[in-house]
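Numbering of ligands and ligand atoms starts at 1, following listing order.
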Amino acid sequence: MEEFKTIIEPFKIKMVEQIKVTSKEERIEYLKAAHFNPFLLNSDKVMIDFLTDSGTSAMSSNQWAGIMQGDESYAGASSWHKMRDSILDLTGHEYILPVHQGRAGERILYGYLGGKGKTFISNTHFDTTRANIEFSGAEAIDIAIEEGKNPKLFHPFKGNIDLNKLEELIKEKGPENIAAVILTVTNNSGGGQPVSMENAKAISVICKKHKINYFLDCCRVAENAYFIKHREEEYKNKTYKEIAQEMFSLVDGSIMSAKKDALVNMGGFLSLKNEELFIECKNLLIITEGFATYGGLSGRDMEALAIGLKEVFEPDYLHYRIRSTAFLGERLKEMGVPLMWPIGGHAVYIDAKELYSHIPVDEYPGQALVCELYLQGGIRTVEIGSVMFGKYDENGKLIPAAMELVRLAIPRRVYTQSHIEYVIEVFEKIMSNRNKAKGLKIIEEPKFLRHFTSKFIQK
Ligand code: F0G
């Protein structure tokens, strides 16, 4: 591929969705009504929605055409077979279950393997993964490499697991008490950073040695494969798909939220090599999700997923995807915005602790930035810091998260270059108002996943 400075979107737009342009005065009122938590905003009040890259992709004309062929039979639908074939081709795992989204798979598999006294180990458990594990009574421990916790430091694979810590934890807890090691690719909560094949292989050796389950949380496996091809010498001549296939070959199973790299708005799967575990999971699936050939999905969802899972590995698409995310990040970095470096696959992560160094962590600098981005530009983002991961000690004092990040997650194939230019301009304003931003106080919060519904007031 020729290297031009401008990376074009490798698609044409066939259908459009209107964005309602709002004024700052309007946004002040909307944000107050949403209790300074943009999760509580209606989407028509948002101009650029970077809340998540999950389920927000634009589907291709081929996927829409596939939707018309959806087989809505309760059992044995042809759409299921197409979906299963696509997944089998990618993972090589024989036992596959459809689920409506990632967390349904997590609840089934980790709920079954978890329970009191069990430990799960990951580079970083995503919030729903952690919640499902903790809800089962088990504990979830994150052991990404130290370099991954330093936002400024360059490391090609900041999502890697610390292998020494892994060995130590297995020794400390006893291998029989480790329910699973979960490798999240890319490492979403740790900054969307990739994991190297070398690391994935080394984990596999350790897990095999101790007979511990090893699963891939593979919702961004294609994006991870891009980084491997371009940063791990040995893989430079492999296709993105071959790289992903090799990664799947290392693990005992995987859970995919297809709402990311399968380019669909809804869907997911659970894949396993072990038949007995599959049978247990299948029974649980049927109780709450649906029969084993649809698992909560419509036939049309399964058609779109079967196609999207192939499209995502197209080189032009992946190149545009990763480079356009990096473009935003690089421009912000040039402006002096402190951010997680290097730029990850699906998102740019701003280091709000440094940007708003005048706001103490117990006043949530990340949430302050989330609010500012909305107020200044109608941009919706999410805090990945102490609102999401903070805990309280016995005296009710906040135990902060390791980092105070704000994620600008970029939906796939949705926004164009001018949207991104606009976001960059909004950041110029954020930078010039940087000292005026105010911290927040939580006035209402649920027990689990508090970032979704907490209410705040400005300090
Ligand atoms: N694992 C990872 C790494 C994720 O990023 C997500 C979802 C899940 C599991 C759960 O999947 O939403 O389909 O149930 N991440 C979204 C996000 C919500 O915004 O990053 P789900």
Inset, instruction - Tell me which part of Arg407 gets within contact of ligand 1: side chain, backbone, both or neither, using heavy atoms under 4.0 Å. - result: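 The answer is the side chain.
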
Inset, instruction - Please work out whether any backbone atom (N, CA, C, O) or any side-chain heavy atom from C-beta onward of Lys259 is under 4.0 Å from ligand 1, and answer side chain, backbone, both or neither. - result: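 The answer is the side chain.
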
Closer than 4.0 angstrom, basic N to acidic O: yes or no for [X] and [Y]?
| X | Y | value |
| --- | --- | --- |
| Glu311 | Arg413 | yes |
| Glu139 | Lys173 | yes |
| Lys152 | Glu147 | no |
| Lys391 | Glu134 | yes |
| Glu72 | Arg300 | yes |

Which residue and non-hydrogen atom of the protein lie closest to [atom], and at what distance in Å?
| atom | value |
| --- | --- |
| atom 5 (O) of ligand 1 | Asn188 ND2, 2.7 Å |
| atom 16 (C) of ligand 1 | Lys260 NZ, 3.3 Å |
| atom 1 (N) of ligand 1 | Asp217 OD2, 2.6 Å |
| atom 8 (C) of ligand 1 | Phe126 CD2, 3.5 Å |
| atom 9 (C) of ligand 1 | Glu106 OE2, 3.2 Å |

Short N or O distance, [X] and ligand 1, threshold 3.5 Å exclusive:
| X | answer |
| --- | --- |
| Thr128 | no |
| Thr184 | no |
| Leu51 | no |

Inset, instruction - Using heavy-atom distances, let me know which of Arg107, Met256, Arg103 sits nearest atom 12 (O) of ligand 1. - result: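 Of the listed residues, Arg103 has the closest heavy atom.
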
Inset, instruction - For side chain to side chain donor-acceptor pair (under 3.5 Å), just list the numbers for Thr128 and Glu106, CA-CA rounded to whole Å, side-chain angles, deciding distance to a tenth of an Å, and then say yes or no. - result: CA-CA 8 Å; Thr128 60; Glu106 290 169 352; 3.0 Å; yes

Legend entry - Distance-only side-chain donor-acceptor flag, Ser386 / Glu404, under 3.5 Å: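 Checked: Ser386/Glu404 side chains pair up, N/O donor to acceptor below 3.5 Å.
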
Legend entry - Considering all heavy atoms, the nearest Arg407-Leu51 contact: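 The pair with the smallest heavy-atom distance is NH2-O, 3.0 Å.
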
Per-atom contacts, ligand 1 versus [X] - under 4.0 Å to a heavy atom:
| X | result |
| --- | --- |
| Cys219 | 2 (C), 3 (C), 4 (C), 5 (O) |
| Ser257 | 11 (O), 13 (O), 21 (P) |
| Gln101 | 12 (O), 13 (O), 14 (O), 21 (P) |

Legend entry - Verdict with supporting geometry, Arg321 and Glu223, salt bridge (Lys or Arg N to Asp or Glu O under 4.0 Å): CA-CA 8 Å; Arg321 169 70 178 160; Glu223 292 172 2; 2.8 Å; yes

